[in-house]
Structures are given as structure tokens and as C-alpha cells.
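Here is the structure we will look at, set down as C-alpha cells.
Side-chain atoms are counted along with the backbone in the values below, which use heavy atoms only and exclude waters and symmetry mates. In what follows, chains carry the letters A, B, and so on, assigned in the order in which the sequence lines appear, proteins first and then strands, with residues in each chain numbered from 1.
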Amino acid sequence: LIHSRTEEQVKLIDRFSTSNKSLVGTLYLTATHLLFIDSSQKETWILHHHIAAVEKLALTTSGCPLVIQCKNFRVVHFIVPRERDCHDIYNSLLQLSKLASYDELYAFSYNPKQNESKRLQGWQLIDLAEEYKRMGVPNSNWQLSDANRDYEICDSYPRELYVPRTASKPVIVGSSKFRSKGRFPVLSYYHRDKEAAICRCSQPLSGFSARCLEDENMLHAISIANPAHHYMYVMDTRPKLNAMANRAAGKGYENEDNYANIRFQFVGIENIHVMRSSLQKLLEVSGTKALSVNSFLSGLENSGWLRHIKAVLDAAVFLAKAIAVENATVLVHCSDGWDRTSQVCSLGSLLLDSHYRTIKGFMVLIEKDWISFGHKFSDRCGQLDGDPKEISPVFTQFLECVWHLTEQFPQAFEYNEAFLLQIHEHVHSCQFGNFLGNCQKEREELKLKEKTYSLWPFLLDEQKKYLNPLYNRDFSQKLVLLEPNTASFNFKFWRNMYHQFDRTMHPRQSVFNLIMAMSEQNKQLEKDFKELEAKMKQRNRQPEELLTKEPLQSVHPASPALKTSPCFKKEQSLLPMKDSIRTIEGSNTADNRYSEYMEELSKAEPAVVSLEYGVARMTC
Amino acid sequence: MEFAELIKTPRADNVVLHRPFYPAVEGTLCLTGHHLILSSRRQDNAEELWLLHSNIDSIEKRFVGSLGTIIIKCKDLRIIQLDIPGMEECLNIASSIEALSTLDSVTLMYPFFYRPMFEVVEDGWHSFLPEREFELLSSVTNEWRLSYVNKEFSVCPSYPPAVTVPKSIDDEALRRVATFRHGGRFPVLSYYHKKNGMVMMRSSQPLTGTNGRRCKEDSALINATLRAGKRGYIIDTGGGFEQEVQYPQYNILQESLIKLVEACNDQSHNMDRWLSKLEASNWLTHIKEILTAACLAAQCIDREGASVLVHGTEGTDSTLQITSLAQIILDPRCRTIRGFEALVEREWLQAGHPFQLRCAQSAYSNSKQKWESPVFFLFLDCVWQILRQFPCSFEFNEHFLIMLFEHAYASQFGTFLGNNESERYKLKLSQKTMSLWSWVNQPEELSKFKNPLFEANSLVIWPSVAPQSLQLWEGVFLRWNRSSKFLDEAYEEMNNIIEYNKELQAKVNALRRQLAELETDDGMQESS
């Protein structure tokens with residue numbers, strides 16, 4: 001389709017520079033990546049699938065500007081000397097980034113040179129049946145249903161679903177007919193100690209007055225599956241107005257009078273369209289040149305982004321408390337039950353169960369509440385050239401909520417920010433099969449397990465990069481649930497996500513990297529110490545005084561042997577570990593915006609500069 | 001005056017104390033000349049609260065029936081509540097606290113009564129004398145001299161007796177320049193950049209008047225700081241030459257602080273309201289402005305190879321913020337504990353920042369006096385922003401900065417009393433009070449303020465001033481509004497990892513040495 005192409009004398013412009021400072025280099029287009037190598041041999045790789053938008057701006061004296069916005073929030077600004085070449089590159093990128101069918105995606109050509117058995121093993125790493133067993137199901141109240149074994153009731157659900165034992169097949173079938181897209185209430189998480197459950201579904205087709213006896217029975221079955229309790233919550237995660245509007249379309253929400261012992265609750269998370277435009281506004285503001293603090297804060301406010309993040313987290317806290325404090329089962333839904341419902345169920349589980357705060361457990365959580373329950377990754381991430389109105393940062397919001405939790409509970413999570421960023425990277429990269437397609441049925445049809453690789457084993461291989469050195473396995477034992485403070489002032493702009501490629505904005509020294517490296521070094525030192533000790537013993541002499549000291553206590557249990565993986569290219573290493581433990585950036589004023597005031601300053605002499613609202617003004 | 005006259009009710013029983021993060025506790029309230037003390041009926045009869053009256057920013061009274069409530073808002077931003085049975089008792093206590101927390105005379109302040117419980121190893125009053133600083137300078141250049149022209153505080157009442165000026169400018173010229181500068185604050189040396197010999201000077205604004213008056217000695221002084229053929233810059237932080245001193249910056253800052261603290265103290269704000277209040281406070285805008293100006297000054301010196309004169313209108317506020325922050329960026333010494341203390345002494349205390357006026361009240365002030373202003377507080381916040389961006393380059397931690405913030409507003413030490421050196425001499429502070437540094441510099445105190453990540457970094461550190469890089473100083477502004485338990489525990493764990501690393505390295509090295517020795521011994525035995 002596209003021949004690899006080389007373009008020389010291309011300029012890469014710093015997007016925040018008010019002067020036109022640039023790096024000159026060569027641009028390469030390959031089948032999968034765009035690559036820019038500047039004169040100092042620094043490489044910038046951009047996966048075609050990561051490209052969200054390409055824009056060709058009006059010709060300038062220095063050439064034709066080409067702006068590329070990526071789904072991982074990288075924005076690059078090139079200037080191509082000749083307009084004709086720029087146009088060609090623009091067209092090529094459009095074709096390369098907007099694909100019509102799944103089989104053109106990177107995952108189907110990606111080859112990490114791994115043998116077949118290892119590839120298959122990789123797909124078996126996450127086993128959801130095993131996960132339900134860990135939670136304690138099946139048990140006397142919950143069982144595996146075969147109602148959807150061949151996707152006959154709901155094609156966006158997985159084959160294997162857990163339902164109350166007392167819910168008969170006709171009840172299940174009847175309930176599914178009364179629910180949007182057939183997504184009837186099923187188990188998402190079972191809390192062993194409280195015997196309470198998180199269940200999920202889509203909205204009922206209740207309209208203004210419709211009833212469904214089977215659906216009412218279904219909810220009753222869920223309610224009585226919790227032996228300790230007399231009521232259950234039904235959380236409609238939508239704003240009340242939206243839910244009411246849905247009634248006109250024959251959908252809507254549960255009427256408390258029709259369902260025995262339910263407590264109905266709206267929590268007001270906005271829909272995918274509101275979220276999409278919110279993120280767009282956020283990015284517009286954060287991408288502004290010479291941004292003032294007040295424009296930033298008012299832009300942040302106007303975007304509504306943090307308000308939405310808070311709403312999602314508030315809902316999750318409500319859910320987790322209902323279970324942990326009231327021992328009550330909760331049924332969660334939104335409209336179709338694959339966006340807001342996935343956010344709230346997964347975050348609620350994360351607050352309740354420390355397993356999901358481990359690396360492996362987080363993978364399981366994503367596989368369960370997002371992948372298997374049919375969050376439409378393909379549509380939401382725009383993997384193929386489709387309806388732009390289907391694109392929405394629902395999963396990104398989930399990751400951001402997790403990040404906020406890691407900020408409030410630095411010792412509760414085995415994984416770090418880099419892990420969240422890397423998952424975000426690969427949800428959009430289409431390099432691995434996990435996130436392709438919109439539901440399990442579609443994934444089976446695409447034969448992903450035969451033709452592509454699973455992301456998780458590769459992340460596990462590199463888990464050294466994703467470990468939180470401050471993680472304390474015992475942290476959660478004292479707590480029934482993580483109870484984050486959701487007062488507004490706790491929510492911050494996630495700079496490391498939305499500016500992850502704008503390194504000048506980051507702290508110049510990373511405490512995290514330092515502690516991580518030190519933690520690693522400690523493991524090595526422990527090993528060295530043992531070896532040296534053994535050597536001393538061999539010499540049949542006690543090492544003076546050293547052995548009499550207290551035995552070394554390991555701060556952290558040793559991690560399993562680590563292997564290096566060849567599959568991650570340079571551009572994918574995030575928050576890179578430096579060779580030496582301590583490094584310092586920002587020793588160059590050119591990295592900083594204020595350096596540009598200098599240009600004005602150096603014009604005349606003697607100069608007088610007066611300061612007004614952060615801008616140095618020359619008044620010589 | 002006897003304090004007893006001010007204390008109408010020295011003691012009240014069955015008082016209930018409410019404060020952040022602790023359950024309410026009932027006990028006996030006692031008022032002394034300088035403290036408000038609440039002791040509970042716990043077994044050990046331990047004091048639950050010792051509050052310095054001078055830490056009280058404002059108080060409010062409320063009554064429900066005969067139960068009175070006093071809400072005390074402190075300068076360190078904490079808010080506590082006392083429920084006192086009996087209307088009269090409550091009124092008496094409230095008026096006593098009001099009187100005791102707003103004493104007019106400096107000599108009645110606690111530092112004049114405080115007797116230290118520790119042994120003074122090093123008297124902080126003598127730790128940072130200008131002569132010592134000049135000694136350091138003399139070792140690298142001989143172009144400067146220490147002038148005692150202000151020995152009697154007659155040339156410039158807000159300057160210290162000794163200032164550093166170019167060698168070629170004599171005292172007579174300095175006297176003339178002083179008449180040309182607001183408040184007599186003629187240009188003096190603030191910082192000498194060893195790397196290239198460039199300097200930063202500071203002063204107040206020139207009194208050019210409407211007819212553009214000039215002063216040839218002033219020009220001579222400024223020119224004397226320039227190397228031949230080099231350009232220099234003047235960074236004016238004030239409103240410009242012609243403008244009247246109508247809107248001094250410190251008023252705006254005080255308002256900004258009040259608004260910010262108000263926003264932080266209301267947990268019920270929804271997101272939009274919180275963000276708009278944060279914005280409306282303008283606090284982070286001021287942070288960005290000051291940091292930008294400091295970076296600019298540092299850049300002129302380090303990158304442009306030019307000398308800089310910084311002045312505002314009076315040269316006692318924003319001027320000092322900029323000169324001191326520029327030094328933190330440029331000079332690794334200022335990022336050590338000792339060096340930072342020296343910086344606070346040199347660029348704030350001796351340079352005549354009017355602490356007593358500026359820190360008379362804090363965020364809960366309702367006096368709205370134009371001289372009150374969190375200029376030093378804003379400076380500390382700027383330092384915190386740089387510390388956050390270069391977490392390994394500072395010998396001190398956030399607690400050190402918070403401690404300085406607290407002591408600038410209320411303290412048992414005399415360091416921040418008075419508005420300039422002249423006032424401190426008259427108050428005989430160095431004889432009658434204890435220096436903060438005498439206490440801080442004890443090893444056991446210092447250990448609390450040490451940054452475990454510190455590794456000396458000789459580079460110039462350029463912070464990012466992008467709004468995305470600046471943050472609310474949570475350790476101060478949210479300190480009483482949310483628990484920091486989990487963050488503190490994480491910090492502790494980080495400390496453990498670092499300590500463990502040191503311990504392991506020491507043990508491994510010791511074993512290696514022993515083995516090496518054994519091997520040499522063996523070698524000698526074999527060869528013998």
C-alpha cells in the first residue's frame with residue numbers, strides 16, 4: 001500500500017516554544033511507524049495506530065507545517081520544506097492511521113519472535129474462571145450459567161456468566177429481553193466475607209410503565225443470594241435527566257415500587273459524548289503556548305474533566321461502601337452497561353479487594369470488567385476508521401481514577417504510574433490482541449488467540465519497570481476498603497499522562513526512579529552480602545563482628561527472576577531508568593519557557609525590564 | 001503591665017476541644033501570659049494543646065444557650081474550637097485571648113520570656129554575621145569591600161551596619177547614592193556568581209522624580225559592577241518609575257492568601273467551585289510570576305554573562321523574593337540547610353524585610369492592614385515548588401520550610417522579631433532572646449529537617465514555570481484539611497529503603513575489605 005518513504009531537512013518544532021526553535025532531521029515512514037531522527041541522532045518513533053489526527057497547516061516561509069496528534073497525547077509539529085512532499089506525507093499518514101479492517105492492524109503482523117507454545121501460554125496467563133474461584137464462586141448461592149454459552153442471549157457478554165442459583169433459565173431469558181442489548185444482571189464481583197455482590201447489567205426497557213416479571217424475579221434472586229441482607233442497591237450511574245429521557249425511547253430505569261426491597265440511586269456520571277468533548281477541551285487548554293496559570297485553571301474548570309473523574313470515583317466509593325459497610329449487594333447499570341458500568345464496577349472492586357492492586361490482579365480486573373464484559377475498545381479507541389462519535393476516553397478515565405488512588409495510597413499498589421501509562425499506550429497501539437474488537441464474540445471471530453500475542457506476559461516480563469518500590473503487601477490487611485478522600489482539592493491534573501512526552505514540564509529529578517533503583521540495588525546487595533558471607537565461612541573464619549549484628553531484614557520480598565524482553569521498542573519505554581541512579585535534567589535554560597523572555601531582553605542595552613503578570617517587559 | 005490584668009478568667013473546667021484529626025476531648029483550659037493550654041482528664045494528665053497566643057490570627061464567639069464556643073484561627077492555618085460552659089466565662093476567656101494575642105509591645109512577646117530547655121552549643125545570633133559572608137567572598141575576588149557607612153543606621157535605617165559594595169566606591173559616594181534611592185537603600189551586593197564573576201545587586205527604586213533627576217554616583221556605582229564591555233540588566237519588580245506607591249504588591253498578596261485559604265478550608269466545594277476559587281485567589285499566578293522573574297535574573301547572570309540589579313519600589317519585598325530565589329537556582333550552597341539559613345539571614349533578615357509588619361497577621365486576618373503580606377510565605381512556597389522539581393538537590397525537606405513559615409508568624413525565638421537590624425539592635429534581641437538557629441542546628445532537630453534523597457548537585461537548576469508544573473503546596477494549605485497519614489507512612493518507607501541501602505553498602509564493603517585483607521595475608525603466607 002504505502003512505500004516506505006524518506007524526507008530530509010524536516011524540522012521538528014517544540015510545540016510550546018513561542019520562538020520557532022526547531023530540530024532538523026530526517027523523517028521516515030515505515031509500514032508501522034513514523035520515525036524522525038534529528039541531527040543529534042535522537043529518535044522519535046510514532047506508531048501509525050497512535051495517530052489520532054493529522055493536520056496540514058497553511059504554508060509558511062520555512063515550509064509546510066504538519067501537526068500530528070497522538071492518542072497517547074504526544075503532539076508533534078513538523079515543518080516539511082516542500083508543500084507537495086508535505087501533502088504526500090499527510091495523505092500517507094491518513095491512510096496508514098485510518099484502517100478499514102481489523103486484519104490490517106499491527107497486532108496481526110507484529111512478530112516478537114516467540115515460539116508458538118509460549119505465545120499460547122501467554123494467552124492462558126489470565127484465567128477468569130480461576131478468578132471467580134478466587135472470589136469464592138461458584139458457591140451455594142451463585143453458579144455458572146450456560147445460558148449464553150453460544151452467545152445466544154447476549155452477543156456482547158462473555159460465554160461464561162455467574163448468576164444466582166435461584167435464577168432459572170426462563171428468568172434469565174426473560175430478564176435479558178427486558179434489558180437493553182440483552183445485557184441482563186450478572187455477577188461482576190463477589191465479596192467472600194460480606195457475602196455481598198457487585199452485579200452489572202444494562203438499563204431496563206421499562207419506558208414509562210412497562211414491567212417484566214422475570215426481571216423483577218432476577219433482581220429478587222440477586223437480592224436473596226446475599227443471605228445477610230434484606231435490601232439491595234440499584235445504582236444507575238447516569239444523571240437522572242438522561243435516564244428519564246431514555247424512558248421516551250422505551251428504556252429507562254427501575255421503578256422502586258415494582259421491585260421488592262431495592263434502593264434506587266442515581267450517581268450522575270455523564271455519557272461518552274460529554275466525556276469526549278471534555279477531554280478535547282482539556283487538551284486544547286494544556287496544549288496552549290505561553291499558558292498563564294489562570295487560563296490553565298479556568299480551562300481545567302471549563303473542560304469539566306476533573307469533575308467527571310470525581311464523579312466516577314465518588315460512584316465507586318458509594319458502591320464499595322455499600323458492600324463493605326452495609327453488607328449490601330449492588331446492581332450497577334448505565335445505558336448499555338459497558339462504559340460507566342465498567343468504570344464503576346472495576347473501581348469498586350479495586351477499592352474492596354487488594355488483589356486488584358497487584359500487577360497480576362490489575363490485569364485480571366481489566367480482562368474481567370472491561371474486556372470480557374464487552375467494553376467497546378475498538379469503537380472507543382477508534383481502532384478502525386469508523387464513527388468518530390463512538391470514540392470516548394472512558395478507559396483513560398478509569399486509569400486516571402486508579403492514578404488518583406495511587407497518589408492517595410502510595411503503599412497500597414504493587415504497580416506504579418508507568419504501568420498505567422504503558423497499559424494506556426497499548427490499549428491504543430493495536431500491537432497486541434487483547435484490546436482489539438468490541439466484545440469476546442468478535443475477538444473469537446478474529447481468531448486473536450491464534451493470530452496475535454497477548455500483552456500481559458510482555459508486561460510481566462518487564463514488571464521490574466512497573467513495580468512500586470513503596471508497595472506494602474500488608475497495607476491492605478488493616479483496611480476493609482480503600483476509602484479515598486474525594487473532596488475536590490484532592491484531584492489534580494495528571495501531567496504525566498497528558499504531558500508524558502513534554503519532558504520539560506516534569507520534575508527534573510524523579511524520587512520514584514531513585515527509590516526504585518535503590519530498591520533493586522538492595523536486592524543485589526543482599527545477594528552480594530550472602531555470597532561474601534559464604535566465602536568468609538569457607539575460609540573457616542568468622543567475619544569479625546559482622547555476624548553478630550542483627551540478621552538482615554529484607555525490606556521487600558525478592559521478585560521473580562526478570563527477563564529482558566525484545567518486544568518493546570525504544571519509544572515505548574516510559575519514565576526510563578537512567579544508567580546512573582541519580583540524574584538531573586533541566587540544566588539547560590533552553591528547556592524552559594522563561595528563556596524566551598531573554599530574546600526580548602537581549603535586543604538593546606542598557607535595558608530595564610519590568611515585571612507584569614509573569615511577563616518580563618522591556619522598557620528601556 | 002502585668003499579664004494578670006489581661007487574664008480575666010485564668011482557668012475553666014469542662015471545656016471541650018475540637019481540632020482536626022483528633023476526637024473531641026474534654027479538659028481544663030488554662031490561660032497564661034503566652035499560652036493557651038488544655039489538659040484533659042487522662043490518666044497521665046497530659047496536655048492536649050499548647051497554643052502560643054501569638055499564633056492566634058483571629059477568634060470568633062458563638063453562643064447556644066449558655067454554652068459558648070470560641071473558634072480560634074491560627075496563623076499556621078489551623079482552626080480549633082473550644083466549647084466553654086457558662087456565657088460569662090466564655091466571654092472572659094475570649095476577650096483575654098484577644099488581648100493576649102494582640103499585644104502591642106514587642107518586649108512582651110514570648111521570646112523575651114522563653115527559657116530554652118536545651119543546651120546552646122552554637123549561638124545562632126553569631127552564626128551568620130556579614131563579616132563571615134564577606135570572608136567567603138574575599139577568597140574568590142578582591143573587587144569588593146565591606147562598608148560600615150551604615151554603622152549607626154543613619155544612611156539607611158533598614159540596612160544592616162555592614163554591606164558589601166564595589167571597592168572603587170567610597171563611603172561618601174554611598175551616602176549620596178542613598179539620597180537618590182527610596183528609603184536610602186542604595187545598590188549593594190546580593191550575590192557573586194563564582195563561575196563567571198557576574199553579580200546580582202539589589203536596591204530600592206531611584207528617586208528620579210518628574211524631571212528625571214539623575215545621580216552620577218548612582219550610575220558610577222552601577223557601572224562599577226559591570227565588567228568592561230559587558231552589558232547589565234535592571235530588573236524592576238515594581239510598577240515602574242513614574243507610578244505612585246499606591247498599590248504595593250503586598251496588599252494584593254495578602255488578599256490572595258486569604259482567598260486561597262478560604263477555598264482550601266471548604267471541603268464541600270464542588271469541582272468547578274474549587275477550581276474557580278483556586279484561580280480567583282491568584283496565588284499560583286504570583287508563584288509563577290516570582291519564579292519567572294527569579295529565573296530571568298539567574299539566566300542573565302549564568303547564561304548571558306551579565307550582571308543584574310534587582311529593585312522594586314522599596315526593595316524590601318519582591319526584590320528579596322527574586323534575589324533569594326535566583327540564588328537558590330544558581331548556588332548549590334543555598335540548597336543546603338546551613339546555606340539556606342544563611343540566605344534567610346542575609347537576604348531577608350539583614351536585608352530588612354519588615355517581618356514584624358508583614359507577618360503580624362496571616363490568612364484569617366480581618367484587620368486588612370496594608371502592611372500585612374505573606375511575602376516570605378510566598379517565597380517559601382516558591383522554594384517548595386523548586387524542591388518538588390529537584391527533589392534530590394536540597395539538603396532540607398518540606399518540613400524545614402513549614403517550620404520556617406510557622407516561626408516567621410509565631411515563635412518562642414527572637415529571630416523574626418523586629419523589622420530590620422536597627423530595630424533588633426534596639427530590642428537587644430541577641431542578648432534577651434534565643435535565636436531560632438541555635439535550636440534548629442542541634443543534631444537531633446536537624447535530623448527532622450534533612451532530606452534523605454539529598455546528593456549535592458553543583459549545577460544550576462532551572463525549574464519549569466509552566467502552569468502544569470506548579471502545584472498547590474498541600475503540606476501547608478491542606479495540612480489541617482485532610483489526613484496525611486498514608487503519605488507520611490510512605491515517606492517513612494522511602495526513608496527505610498534509603499537507610500537500608502546505606503547499611504547494606506557498609507556491610508558489603510566491610511566484608512569485601514576483610515576478604516581482601518585475608519587474601520593478602522594468604523598471599524604473604526604463601527610467598528613466605
Side-chain angles (χ1 to χ4, degrees), chain A residues 286 291 293-294 296-298 300-301 306-307 310 408-411 469-470 485 487-489 493 495 499 504-505 507-509 511 514-515 518-519 521-522 525-526 528-529 532 535-536 539 543 546 555 582 584 586-587 589 591-595 597-598 605-611 613-614 616, chain B residues 231-237 240 264 267 269-272 274-276 278-279 284-285 288-289 292-293 295-296 299 303 388-392 453 455 457 459-462 464-469 478 482 486-487 489-490 493-494 496-498 500-501 504-505 507-508 510-512 514-515 518:
Chain A
S286 68
L291 184 63
V293 171
N294 283 355
F296 175 63
L297 289 174
S298 66
L300 195 58
E301 180 195 337
L306 289 178
R307 173 162 48 90
K310 176 172 153 55
Q408 284 198 35
F409 303 97
Q411 293 194 268
L470 300 178
N485 182 335
S488 300
F489 53 57
F493 173 70
R495 187 193 52 224
H499 287 295
T504 59
M505 283 186 188
R508 307 314 164 91
Q509 293 169 322
V511 172
L514 179 68
I515 296 300
M518 221 175 240
S519 205
Q521 196 187 40
N522 284 355
L525 284 168
E526 280 173 356
D528 291 354
F529 183 75
L532 288 166
K535 268 192 197 164
M536 287 295 270
R539 293 186 149 268
L546 279 162
V555 179
R582 290 170 195 269
I584 182 155
S587 53
T589 47
D591 292 346
N592 298 286
R593 307 278 90 79
Y594 49 77
S595 59
Y597 304 130
M598 227 27 243
E605 111 191 70
V608 173
V609 181
S610 68
L611 196 76
Y613 296 103
Chain B
R231 89 171 99 216
Y233 292 105
I234 296 172
I235 295 179
D236 179 1
T237 68
C264 292
Q267 312 238 3
H269 284 325
N270 66 30
M271 190 61 72
D272 289 358
W274 157 247
L275 288 173
S276 75
L278 182 61
E279 181 201 340
L284 287 169
T285 298
K288 183 175 156 76
E289 269 176 30
T292 306
C295 290
L296 191 64
Q299 192 172 353
R303 294 296 151 115
R388 259 194 67 261
Q389 295 190 25
F390 295 89
C392 309
L453 297 163
E455 192 159 272
N457 163 17
L459 296 173
V460 175
I461 54 175
W462 302 106
S464 161
V465 294
Q468 293 96 322
S469 305
L478 301 182
R482 64 166 200 202
F486 297 125
L487 302 181
E489 283 173 7
E493 173 66 5
M494 183 187 85
N496 290 344
I497 293 173
I498 296 167
Y500 184 53
N501 184 267
L504 274 174
Q505 292 211 7
K507 285 183 171 176
V508 167
L511 268 181
R512 285 217 173 100
Q514 281 184 36
L515 267 170
L518 286 174

Side-chain heavy atoms of A:M536 within contact of B:L518, under 4.5 Å: yes
May I ask you to test the A:R307-B:N270 pair for a side-chain heavy-atom distance under 4.5 Å? no
Rounded to the nearest 0.5 Å, how far does CG of A:N294 lie from OG of B:S276? 11.0 Å
Identify, with sequence neighbours excluded, every residue that meets salt bridge (Lys or Arg N to Asp or Glu O under 4.0 Å) alongside B:R482. B:E474
Under 4.5 Å from a heavy atom of chain B, the part of A:F493 involved: side chain
Any side-chain heavy atom of B:Q514 sitting closer than 4.5 Å to one from A:L532? no
Atom CG in B:L275, atom OG in A:S488: separation rounded to 0.5 Å? 7.5 Å
Hey, are the side chains of B:R512 and A:D528 touching, using non-hydrogen atoms and a 4.5 Å cut-off? yes
Checking A:N485 against chain B: side chain, backbone, both or neither under 4.5 Å from a heavy atom? side chain
Taking all atoms of both residues into account, what is the closest heavy-atom pair of B:E279 and A:S298, and its distance? OE1-CB, 3.1 Å
Looking only at heavy atoms, what is the nearest atom pair of A:N522 and B:L504, with distance? O-CD1, 3.5 Å
Audit row: A:L291, B:Q468, side-chain contact (heavy atoms from CB on, under 4.5 Å) steps and yes/no: CA-CA 9 Å; A:L291 184 63; B:Q468 293 96 322; 3.9 Å; yes
Quick one: pull up CE in B:M494 and CD in A:Q411 and give me the separation to the nearest 0.5 Å. 11.0 Å
Between A:P410 and B:L487, which heavy-atom pair has the shortest distance, and what is it? CG-CD2, 3.7 Å
Closest heavy-atom contact between B:C392 and A:Q509? N-OE1, 2.8 Å
Under a 3.5 Å distance rule, please check whether B:T285 uses its side chain to pair with a backbone N or O of A:V293 as donor and acceptor. no
Measuring from atom NE2 of A:H499 to atom OG of B:S464, what distance do you get when rounded to the nearest 0.5 angstrom? 9.5 Å
Is there side-chain contact between B:I461 and A:R508, with heavy atoms separated by less than 4.5 Å? no
About how many Å separate CG of A:L470 and CD of B:E489, when rounded to the nearest 0.5 Å? 11.5 Å
Minimum side-chain heavy-atom gap B:I498-A:I515 below 4.5 Å: yes
Examine whether an atom of B:L478 lies under 4.5 Å from a heavy atom of chain A, and if so say whether it belongs to the side chain, the backbone or both; otherwise answer neither. side chain
4.5 Å side-chain heavy-atom contact, A:Q408 and B:F486: no
